[in-house]
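Input: a single structure, listed below in structure tokens.
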Amino acid sequence: MKLLRLSIEGIILLYAAAFFLVTLGIHLAYFPIGDIGVESDFYGELVVSAKALVAHHFSVENYPYKGPFYSFALVFVRLFCRDWYLSGVILNGLCAAASLIILFRLLSRMFDRTVALLTTLAVSLGVEYFTLAHKASSDMLFAFLCLCAISFLFREGYSRRNIILGGILSACAFLTRYTGACLPVTMVAMLVVNPGRWTRRCRSEAALIYFGVFLAACAPWFIMSYRETGNLLATRNIESIVREFYGGDGTEGAPEGGFTSMAQVFTHDPMHFIGHYLLNIPSHFWLDMRGFLGIDAGILVMIGMLRLIVRPPTRMQWAFYIFAISYFLLLCTVFYLSRFSILLSPAYFAVLFSMLLGLGEKRRSAPARREQAPRAGAEAARIFGIIPRTFLGAAATAVLAVLLLTRITGIVEAEKSYYKLRPLPVIDAARFLKEYVAGENRPGQATIMARKAHIAYYADLAYARYPRQFSVPYGLLRYARNRKIDFLVYGNIERYYFRHREVPEGWKALASADGVKTVYSTPSITIYEISHGNPSAPGRR
């Protein structure tokens, strides 16, 4: 048994290493530039704050949506890889691979090792998980920190060291993405469930230690935020909640200056808020079952959840599921994105495989824990006694094969889609613009306005985003001049996002407006330079 255990762990280590190498290889071979979806946050926010950190400009204003921990991790990886974007991809790949190892070890303590192995494999072959492993984002670092924190907190034996490490890792996860706020909630629920059957004194002590460490680790950021903004936690994430519940900031009767706290969002229209939130629960769940998992796996997960009613999980398993439940309920406060559900997939697949294989029901008594787990299909055979076990085992194997095949097929299709959507014209345009700005010997860093920040990153310029509403050309020119914008971009990306609001004729008129010069033009992208002298003076053409 010991040799078998070592071999399975060895397989997981080799698989995680191969997973990292394969995803990195895909990136190096096919993706010289990030996509305009997930990686927009990297170009427009994450790498900007990391560069500011290197320049010794560490400020709360550099972190409008997420905490500062990702910046420190990215700066560390860049010590070994000089390119910022590649450093972000490597960081995601390493965290994705390491998360698989942590996940397998965590699930092995809660379920049968076969369930742990299959769940880990299924998670790694999820479309979102696999594709994010070779992108630059904060998703995988956050997932890794959460799994590490859970791994320390959900151990049966009471240990102050584990509680302290869990508190530190929870704080790091929270300071990476503020959705990590669900971890302290999970800690309280875990103590209520009490997977390790700790005494009341141990549970009280664990709670005090955990919250003390968590708050102490977060305290410097809270203090810094309060000094700079007057709030313990300055974040613009509330915009996402307002957008989800009220469709934007301009809601009737909204507080002057907009919503500034969750309390205001709730009290603005409590019945609407509660009703919308309650509707989000089944809506998000169905989107997870249909889109994130795929309808084949989603149906099996729902059957597995029904099975939990008649076959309740162990205390340790309940503690693990409670994290998924609390995280899911937190996600229901914002708009749905499938990649947000990455941390839910271990629980989903654990439910699926423990039901499908009839494994994972560790007995609560010591003698029973030493018993071997039933073979595949054994539980189902006890319920449906007329069906041979060999048939159930073969059926389970066939279902597993289909599930894995559909996961791989989904990955291939997603990779093809991302490959076709690569904004490659940005690379040449940015290279030209970088040389152009250097030739002009500008005294400060020039600013470029685009729909996405990719071109600003590659041209080494400051980035400004287009306003939500504008008219072309004169309204946009006034806006740009008021904000000292040096360059405007209109390319394939802008055409896609502005196709319902701005007509091409307006952008063509921009080239002939006073004080505007077209410095770069291809069928894919056009760059306009704006003078900041007298707006009525003729432009340089």
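Predicted, not measured: the structure shown is a model, and the values here were computed from it.
Residues Tyr30 and Lys416 are not in side-chain contact: their nearest non-hydrogen atoms beyond the backbone lie 4.5 Å or more apart. Within the 4.5 Å cutoff, the side chain of Trp84 has heavy atoms near those of the Val75 side chain. Within the 4.5 Å cutoff, the side chain of His268 has no heavy atoms near those of the Phe273 side chain. Looking only at side-chain heavy atoms (C-beta outward), Met289 and Ile299 stay at 4.5 Å or farther from each other. Contact of the Val185 side chain with the Ile322 side chain is not registered, since no non-hydrogen atoms from C-beta on lie closer than 4.5 Å. Under the 4.5 Å side-chain criterion, counting only non-hydrogen atoms from C-beta, Ile36 is not in contact with Leu421. Counting heavy atoms from C-beta outward, Lys452 and Glu39 have side chains that stay 4.5 Å or more apart. Taking 4.5 Å as the limit, some side-chain heavy atom of Leu183 sits within range of a side-chain heavy atom of Cys146.
For the 3.5 Å distance criterion, the side chains of Tyr348 and Ser341 fail to qualify, holding no donor opposite an acceptor. Of the N and O atoms on the side chains of Ser170 and Tyr210, at least one donor lies less than 3.5 Å from an acceptor on the other residue. Between the side chains of Ser240 and Tyr65, not a single donor N or O lies within less than 3.5 Å of an accepting N or O. Using modelled atom types, one finds a donor on one side chain and an acceptor on the other under 3.5 Å when comparing Asp288 with Tyr336.
Residues passing the salt bridge (Lys or Arg N to Asp or Glu O under 4.0 Å) test with Glu205, sequence neighbours excluded: Arg160. Looking at residues two or more places apart in sequence or on another chain, you find a salt bridge (Lys or Arg N to Asp or Glu O under 4.0 Å) between Asp296 and Arg407. Looking at residues two or more places apart in sequence or on another chain, you find no side chain to side chain donor-acceptor pair (under 3.5 Å) involving Tyr277. Scored by the side chain to side chain donor-acceptor pair (under 3.5 Å) test, Arg105 finds no partners at all (sequence neighbours excluded). Every side-chain contact (heavy atoms from CB on, under 4.5 Å) that Leu308 has, sequence neighbours left out, goes to Pro313, Tyr321, Val351. Residues satisfying the salt bridge (Lys or Arg N to Asp or Glu O under 4.0 Å) criterion with Glu128, sequence neighbours excluded, are absent altogether. Ser326 pairs by the side chain to side chain donor-acceptor pair (under 3.5 Å) definition with Thr186, not counting sequence neighbours. With sequence neighbours excluded, no residue satisfies salt bridge (Lys or Arg N to Asp or Glu O under 4.0 Å) with Arg161. For Arg177, the side chain to side chain donor-acceptor pair (under 3.5 Å) partners at least two apart in sequence or on another chain are Asp139.
Between the OG atom of Ser345 and the CG atom of Leu125 there is a distance of 11.0 Å, given to the nearest 0.5 Å. The CZ atom of Phe19 sits 6.0 Å away from atom OH of Tyr15, with the distance rounded to the nearest 0.5 Å. Distance CG/Leu79 to CG/Leu74: 10.0 Å, rounded to 0.5 Å. Separation of atoms CG (Leu403) and CZ (Phe353) is listed at 6.0 Å; rounding is to 0.5 Å. Rounding to the nearest 0.5 Å places OH of Tyr178 at 7.5 Å from CG of Asn237. The OG1 atom of Thr176 sits 14.0 Å away from atom CE of Met140, with the distance rounded to the nearest 0.5 Å.
For Phe174 and Phe69, the distance between ring centers is not under 6.0 angstrom. In this structure, Tyr85 has its ring center under 6.0 Å from that of Tyr43.
When all heavy atoms of Ser354 and Phe111 are compared, the pair lying nearest together is CB-CD2, 4.4 Å.
Applying the salt bridge (charged side-chain N to carboxylate O under 4.0 Å, His left out) rule to pairs touching residues 164-176 yields nothing, sequence neighbours excluded. Pairs of residues two or more places apart, or lying in two chains, that qualify as salt bridge (charged side-chain N to carboxylate O under 4.0 Å, His left out) and include a residue from residues 62-79 are Asp41-Lys66, Glu45-Lys66.
Distance alone, capped at 3.5 Å, is enough to place a donor-acceptor pair between the Arg422 side chain and the Tyr419 backbone. Between the side chain of Ser417 and the backbone N or O of Glu413, no donor-acceptor pair lies under 3.5 Å. Checked by atom type and distance alone, the side chain of Thr229 never pairs as donor or acceptor with a backbone atom of Tyr226 at under 3.5 Å. Here the side chain of Thr119 pairs no donor or acceptor atom with the backbone of Pro346 at under 3.5 angstrom. Checked by atom type and distance alone, the side chain of Ser225 pairs as donor or acceptor with a backbone atom of Ala234 at under 3.5 Å.
The aromatic rings of Phe245 and His276 are tilted relative to each other, their planes meeting at an angle between 30° and 60°. The aromatic rings of Trp221 and Tyr63 sit perpendicular to each other, their planes meeting at more than 60°, with 30° as the lower class boundary.
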Sequence neighbours excluded and cut-off under 3.5 Å, please list the side-chain donor-acceptor pairs for residues 90-102, or say none.
unit_1: Asn92; atom_1: ND2; unit_2: Leu132; atom_2: O; d: 2.8
unit_1: Asn92; atom_1: ND2; unit_2: Lys135; atom_2: O; d: 2.9
unit_1: Asn92; atom_1: ND2; unit_2: Ser137; atom_2: OG; d: 3.0
unit_1: Ser99; atom_1: OG; unit_2: Cys95; atom_2: O; d: 2.6

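The 12-atom threshold is exceeded at CZ of Phe222, counting heavy atoms of other residues, nucleotides or ligands nearer than 6.0 Å.
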